[in-house]
Amino acid sequence: MAKSSEYTLELLVESGMLAQEQIDYGWQKVADSGGKLDILDALKELKFIDEKELLSILAQQYGLETIDLNEYQIPPEVIESMTVEMVREYKVIPVMKHEGTITVAISDPSDIETIDALRFRLKCDIEAVVTSKDEITRLTDHYYGSISEKVDSFLQGMEEGDVELAVGSVGVDNDDEEAPIIKLVSLIIIEAFKKRASDIHLEPLEKRYRIRYRIDGALREMESPPKYLQPNITSRLKIMAKLDISEKRVPQDGRIQLKVEGKDIDLRVSTIPTTHGESIVMRILDKSSIQLDIPKLGFYSDDVELINKILALPDGIFLVTGPTGSGKTTSLYAFLNTINTPHRKIITVEDPVEYQLSGINQVQVNPIIKFTFAAALRAMLRQAPNIIMVGEIRDLETAEVAVNASLTGHLVFSTLHTNDAPGAVTRLIDMGVKPFLVASSVRAIMAQRLVRRNCKNCIAPYDPDPEELKQMELTEEFVKSSTLMKGRGCNECGGTGYKGRLGIYEIFMLNEEIQNLIYKKVSSNVIREAARKLGMRTLREDGIRKAAAGTTTLAEVLANTVIDEESDH
């Protein structure tokens with residue numbers, strides 16, 4: 001009743017139930033509680049007001065009836081009309097159902113928003129009656145069960161082995177109070193793994209606790225646990241990730257290692273405080289699922305030929321660009337795996353080391369002790385490697401060490417955050433690397449994006465949207481000569497029509513003409529034009545040819561690429 005407490009106090013004073021002096025005492029008690037009590041709860045504790053009389057006055061004021069549920073038996077079909085999540089979230093209890101109208105008991109007659117929300121969610125008319133907060137809590141526990149009972153019920157459909165495997169893998173005990181929450185957290189992780197999710201998002205909203213999985217790059221909302229379990233789930237995950245459960249004001253990062261269905265997986269855990277609690281994102285790294293075969297990443301034979309030519313270079317820098325989550329690290333791992341032979345020494349410096357590669361020396365940076373990319377790179381050069389991979393060029397210092405390494409006979413792989421391949425040149429110059437050093441050291445650049453792959457189980461031919469064709473400047477001749485396919489949606493792909501992802505790429509090797517342009521510090525558009533004359537296929541063009549072959553859709557290509565200038569199809 002905090003929303004209307006001032007109005008309520010006025011009513012109580014007018015009715016003679018309360019004196020101003022008693023209200024002052026009440027406010028003092030609120031202050032003493034550190035804000036844990038609201039004014040009405042304080043007045044009730046001081047026994048200045050009687051809850052039944054208070055509810056009666058408020059109900060009358062809002063034209064509602066009070067109800068005594070002490071001896072009342074709520075029929076099963078009425079209880080089934082609302083889920084436990086809704087009952088706990090809105091702090092109501094359904095008491096009657098008649099001709100499409102559900103009567104719910106509430107403790108705050110002024111809370112019109114809750115009634116409106118229930119009307120919207122239940123798609124029926126809602127009538128309200130008034131009873132005490134304690135009575136609603138008692139009946140909720142009675143009819144809908146305690147937390148432990150509810151979570152156990154929620155988990156009954158699971159395979160026992162899966163739960164035990166996930167629980168056992170993180171070294172939990174069998175504490176009766178904690179076991180249901182442990183199982184629920186395990187279920188969230190197992191379901192994400194089974195659905196091939198790359199991330200788990202647990203987001204506290206005002207009236208619910210939302211869980212979403214990122215599957216094939218797109219977020220999908222899952223069945224959410226009750227809002228009241230939010231603190232329990234958060235604490236459990238923070239314990240598993242070895243984070244400080246008492247600290248809720250600052251972001252924290254941790255790591256969970258466990259086995260799911262016999263596979264080792266890592267979860268990178270990130271927490272951040274939000275308005276309604278701590279938001280948690282867990283990135284799932286399945287060590288057994290990394291794809292190290294170049295053609296399977298989406299490279300066609302002509303691209304594979306160009307990549308092999310780049311990998312055969314004795315020195316220089318090969319840059320892979322793209323936004324976060326575009327698969328740059330996976331591509332680099334696949335390249336390193338291809339050239340990982342006994343007569344070559346390969347060292348990587350990463351933040352973090354995402355997957356462990358056999359036969360390769362992988363180094364984790366640690367900024368806390370000033371072991372940065374640049375510091376690690378300098379140390380690595382004393383290890384006499386043939387090939388070096390730098391997880392990301394983030395600053396001038398790292399860029400200069402990488403350039404010097406490439407100029408002293410090392411083949412250097414690294415990533416940059418730019419929108420396209422030619423943009424990497426101007427990005428390095430903007431960082432402060434001298435143009436002649438960029439021209440001398442950079443041998444090749446590749447930009448990439450990930451698009452969703454058509455589900456093989458429900459794939460079928462389709463006619464593209466005319467608007468898609470118009471936006472991509474494609475002709476009817478292109479449609480006739482292509483094998484445009486689209487997934488219809490099935491159980492295998494969760495109804496999306498897509499399963500898995502593949503890369504689209506633009507790759508070019510620098511020649512003398514482009515090196516001269518770099519010396520002159522021209523714009524990336526000029527370099528882009530020169531690269532296209534050399535035969536560079538743009539991201540959109542590569543996406544279109546993959547859509548034409550039926551592996552993805554034009555809609556996916558359109559969503560993940562920008563318009564190409566002077567493109568011709």
Side-chain angles (χ1 to χ4, degrees), residues 194-199 212-222 291 293-304 306 322-323 325-327 330-331 419-421 446-507 528 532 535-569:
K194 284 181 175 177
K195 291 179 185 292
R196 302 174 297 101
S198 59
D199 309 303
R212 294 192 288 176
Y213 296 161
R214 190 181 296 280
I215 303 169
D216 296 333
L219 282 170
R220 289 193 220 165
E221 192 163 337
M222 299 296 141
Q291 183 56 257
D293 186 354
I294 291 177
K296 287 182 180 175
L297 294 176
F299 289 95
Y300 280 0
S301 56
D302 54 347
D303 286 336
V304 173
L306 182 55
S326 59
T330 303
S331 292
N419 291 329
D420 60 6
M446 178 178 90
Q448 69 177 82
R449 298 288 187 278
L450 291 177
V451 293
R452 290 183 290 177
R453 195 187 291 266
N454 283 326
C455 173
K456 292 176 182 175
N457 192 54
C458 60
I459 194 169
Y462 84 108
D463 293 322
D465 187 327
E467 187 59 32
E468 287 174 4
L469 296 175
K470 183 180 176 185
Q471 286 188 51
M472 301 180 86
E473 300 176 356
L474 298 174
T475 62
E476 287 298 325
E477 286 72 27
F478 165 82
V479 176
K480 287 173 187 173
S481 63
S482 303
T483 313
L484 294 174
M485 307 288 276
K486 187 176 187 178
R488 291 168 296 189
C490 63
N491 290 334
E492 192 84 12
C493 60
T496 63
Y498 299 103
K499 188 176 180 184
R501 290 192 286 177
L502 77 155
I504 55 174
Y505 307 94
E506 59 181 36
I507 317 167
R528 183 179 183 80
R532 294 195 64 180
M536 182 188 82
R537 187 180 296 103
T538 66
L539 287 167
R540 179 162 284 189
E541 287 169 343
D542 194 41
I544 287 171
R545 71 169 178 162
K546 283 165 184 171
T551 52
T552 187
T553 62
L554 290 174
E556 271 295 289
V557 177
L558 188 61
N560 287 281
T561 59
V562 294
I563 191 166
D564 295 328
E565 292 179 20
E566 300 177 8
S567 61
D568 185 23
H569 304 292

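Basis for what follows: all heavy atoms, side chains included, without hydrogens, waters or symmetry-related copies.
Under the side chain to side chain donor-acceptor pair (under 3.5 Å) criterion, Ser331 pairs with Gln448, sequence neighbours left out. In terms of the side chain to side chain donor-acceptor pair (under 3.5 Å) criterion, residue partners of Glu221 (sequence neighbours excluded) are, by chain and number, Arg208. Residues satisfying the salt bridge (charged side-chain N to carboxylate O under 4.0 Å, His left out) criterion with Lys486, sequence neighbours excluded, are absent altogether. With sequence neighbours left out, the side chain to side chain contact (heavy atoms under 4.5 Å, CB included) criterion links Leu306 to Ile310, Ile507, Met509. When the side chain to side chain contact (heavy atoms under 4.5 Å, CB included) test is applied to Arg545, the partners found at least two apart in sequence or on another chain are Tyr300, Asp302, Asp303, Arg537, Asp542. Applying the salt bridge (charged side-chain N to carboxylate O under 4.0 Å, His left out) test to Arg196 and every residue at least two apart in sequence or in another chain returns Asp216. For Tyr505, the ring pair (Phe, Tyr, Trp, His ring centres under 6.0 Å) test picks out Phe299, with sequence neighbours left out. Judged as a side chain to side chain contact (heavy atoms under 4.5 Å, CB included), and not counting sequence neighbours, the contacts of Leu469 are Pro464, Leu474, Glu476, Val479, Leu554. A search for side chain to side chain contact (heavy atoms under 4.5 Å, CB included) contacts involving Glu477 returns Thr475, not counting sequence neighbours.
Interatomic distance, Tyr213 OH to Met222 CE, rounded to the nearest 0.5 Å: 6.5 Å. The CD atom of Glu468 lies 6.5 Å from the CG atom of Leu558; values are rounded to the nearest 0.5 Å. Once rounded to the nearest 0.5 Å, the distance linking SG of Cys493 with CZ of Arg488 reads 10.0 Å. Rounding to the nearest 0.5 angstrom, the gap separating the CZ atom in Phe478 from the CE atom in Met472 is 7.5 Å.
Here the shortest heavy-atom pairing between Cys458 and Gly497 reads SG-CA, 4.3 Å. Among all heavy-atom pairs drawn from Val304 and Pro295, the shortest one is CG2-CG, 4.4 Å. The two residues Ala547 and Leu484 come nearest to each other via the heavy atoms O-CD2, 3.5 Å.
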Yes or no on salt bridge (charged side-chain N to carboxylate O under 4.0 Å, His left out) for Glu506 and Arg449, after CA distance, side-chain angles and deciding distance? CA-CA 9 Å; Glu506 59 181 36; Arg449 298 288 187 278; over 6 Å; no
What do the steps show when you test Leu502 against Leu450 for side-chain contact (heavy atoms from CB on, under 4.5 Å), and what is the final call? CA-CA 6 Å; Leu502 77 155; Leu450 291 177; over 6 Å; no
I'd like to know whether Thr553 forms a side-chain hydrogen bond (donor to acceptor under 3.5 Å, both in side chains) with Tyr498, so could you lay out the CA-CA distance, the side-chain angles of the two residues, the decisive distance to 0.1 Å, and finally the verdict. CA-CA 10 Å; Thr553 62; Tyr498 299 103; 2.8 Å; yes
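Residues in residues 492-502 take part in these salt bridge (charged side-chain N to carboxylate O under 4.0 Å, His left out) pairs, two or more places apart or across chains: Glu492-Lys499. Applying the side-chain hydrogen bond (donor to acceptor under 3.5 Å, both in side chains) test to every pair with at least one member in residues 554-563, sequence neighbours left out, gives these pairs: Arg452-Glu556, Arg540-Thr561.
The side-chain heavy atoms of Thr551 and Asn454, taken from C-beta on, include no pair separated by under 4.5 Å. Annotation: side chain of Arg212 is not in contact with side chain of Asp199 (no heavy-atom distance under 4.5 Å).
A donor-acceptor contact shorter than 3.5 Å links the side chain of Lys546 to the backbone of Gly298.
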